[in-house]
Amino acid sequence: MKTNKLLTGVAAASALVLTLAGCSGDRTGGGGDGDTEGAIVGVSMPTQTSERWIADGDNVEAELEELGYQVDLQYANDDIPTQLSQIENMISGGAEALIIAAIDGTALTEVLEQAAAQEIPVISYDRLILGSENVDYYTTFDNFEVGVQQATSLVTGLGLLDENGEETGETGPFNVELFAGSPDDNNATFFWDGAMSVLEPYMESGVITVPSGQTEFEQAAILRWEASRAQARMDDLLTIIGGTKLDGVLSPYDGLSIGIISALTAGGYSASDLPIVTGQDAEEGSIKSIIAGEQYSTIFKDTRLLGAQAVEMVDAVLNDEEPEVNDTETYDNGERVVPSYLLESQIVTADNYVEVLIDSGYYDEGTFE
Ligand code: BGC
């Protein structure tokens, strides 16, 4: 992704969000009335090992700067103590608002008490912060629906559904192994529950079988979303299931899919007979893999829209206005139901990646040539 394209996209995405939210009318906006000009916003992101979080950080920073804010953007290397101390430094450094994508959703209670003591509003970014009343708003994608889309693409790839989403009458049985995300990330259970809502009926009727028998979230979960752990688990699964040939693997994130495909290839699958492997985030490496016919699908979550939405929320709160939300029921963090703005995601395969990712300007033309 190139920056110039990204920024154009950000502006377009922002305009879209403003239009969709219908809230551009009577707001003065950040920087507009001078009150928030130069205010510092702390942006805490989990890791730079995944492209999506780099894009998220860049988008949020660019959008905030556009409105006249100063930005303290930090990445925490997927290390919880690092994220805590970065947030503490943001607070002591004078941040007037925080946008946080948590590594471990349960680990921020104390540091957010410090933020609350200084009346610093907190926007939970993409991943819900759990166990704290000091979370003002949340913006994310419809995470249950992401899981539904992952499993829908899996069963479509297996041939159980046609391109219109109609049952084909195929009865399999298909051998499928299941992976889930990091158990400390609230999103992971939403993805899993969404996926299982599609897969369970097929599992109950015997159309899909899980040869390892590992069908519980706890068995399938991959701590910290680490590709190497997914690869190691896939290796173990291949040993457990012996010569049974796999038809599909539910993978909740592109990074894991790459690890899973490496294990499958090392285990004897050739590029042309790999099982249907899903993913999430439309990362460059996985789109290349999809084009090469290895990974089957991914889920595109437009981080430009998410970044714009988070910035909208910060700007509204700092201007004493109510941010637009579209869900006030789903995201209970154990202390409160956090008012949320949910965005929509999209299934991407070799058939539609040009339209979804290139024509929308998310990736530059030529990226995959
Ligand atoms: C995000 C996903 C991402 C995963 C791993 C989740 O919280 O919602 O988009 O694939 O973290 O980074």
Side-chain angles (χ1 to χ4, degrees), residues 44-57 59-60 75-80 83 99-108 123-130 135 138-151 153 179-195 217 220-231 250-260 277-287 289-290 295 297-307 309-310 330-331 333 338 340-348 357 362:
S44 172
M45 291 284 154
T47 178
Q48 282 170 303
T49 57
S50 155
E51 284 161 24
R52 82 145 280 192
W53 296 113
I54 298 174
D56 285 287
N59 293 341
V60 170
Y75 286 90
N77 259 330
D78 261 341
D79 182 56
I80 299 163
Q83 185 162 48
I99 296 176
I100 302 173
I103 296 166
D104 177 339
T106 63
L108 301 176
I123 309 297
S124 192
Y125 187 90
D126 193 61
R127 299 172 171 175
L128 184 62
I129 296 170
L130 300 171
V135 183
Y138 178 40
T139 186
T140 188
F141 291 81
D142 183 336
N143 292 306
F144 186 89
E145 183 59 25
V146 169
V148 168
Q149 290 175 337
Q150 287 170 333
S153 72
F179 283 73
S182 190
D184 55 6
D185 179 344
N186 190 58
N187 289 350
T189 40
F190 277 82
F191 301 149
W192 175 264
D193 290 346
F217 174 84
I222 300 294
L223 186 65
R224 283 300 104 77
W225 301 93
E226 271 180 25
S228 57
R229 289 187 218 258
Q231 184 166 349
L250 174 78
S251 166
Y253 156 53
D254 287 347
L256 303 190
S257 316
I258 286 173
I260 289 164
V277 180
T278 61
Q280 172 170 206
D281 291 340
E283 296 204 326
E284 198 174 316
S286 281
I287 300 302
S289 173
I290 287 172
Q295 188 171 321
S297 61
T298 186
I299 306 298
F300 174 50
K301 295 160 64 174
D302 195 332
T303 54
R304 298 170 298 188
L305 298 181
L306 187 63
Q309 194 57 42
T330 311
Y331 289 99
N333 81 346
V338 184
S340 308
Y341 194 100
L342 309 186
L343 294 157
E344 287 176 12
S345 52
Q346 240 177 309
I347 297 173
V348 173
L357 301 175
Y362 195 75

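We count ligands from 1, going down the list as the structure has it; atoms in each ligand are counted the same way. Numbers here are sequence positions counted from 1.
- With sequence neighbours excluded, the residues that form a side chain to side chain donor-acceptor pair (under 3.5 Å) with D104 are T106.
- For the residue pair E283 and S50, a side-chain donor N or O sits within less than 3.5 Å of a side-chain acceptor on the partner.
- Considering only residues two or more places apart in sequence or on other chains, E344 meets the salt bridge (charged side-chain N to carboxylate O under 4.0 Å, His left out) condition with none of them.
- Protein residues with a heavy atom closer than 4.0 Å to ligand 1 are R52, W53, D126, R127, D185, N187, F191, W225, Y253, Q280, D281, K301, listed by chain and number.
- Exactly one residue among K301, Q280, Q149 makes a side-chain contact (heavy atoms from CB on, under 4.5 Å) with F141. That residue is K301.
- Partners of D185 under the side chain to side chain donor-acceptor pair (under 3.5 Å) rule, at least two apart in sequence or in another chain, are R127, W225.
- Listed here is the closest heavy atom pair of T47 and W53: O-CB, 3.2 Å.
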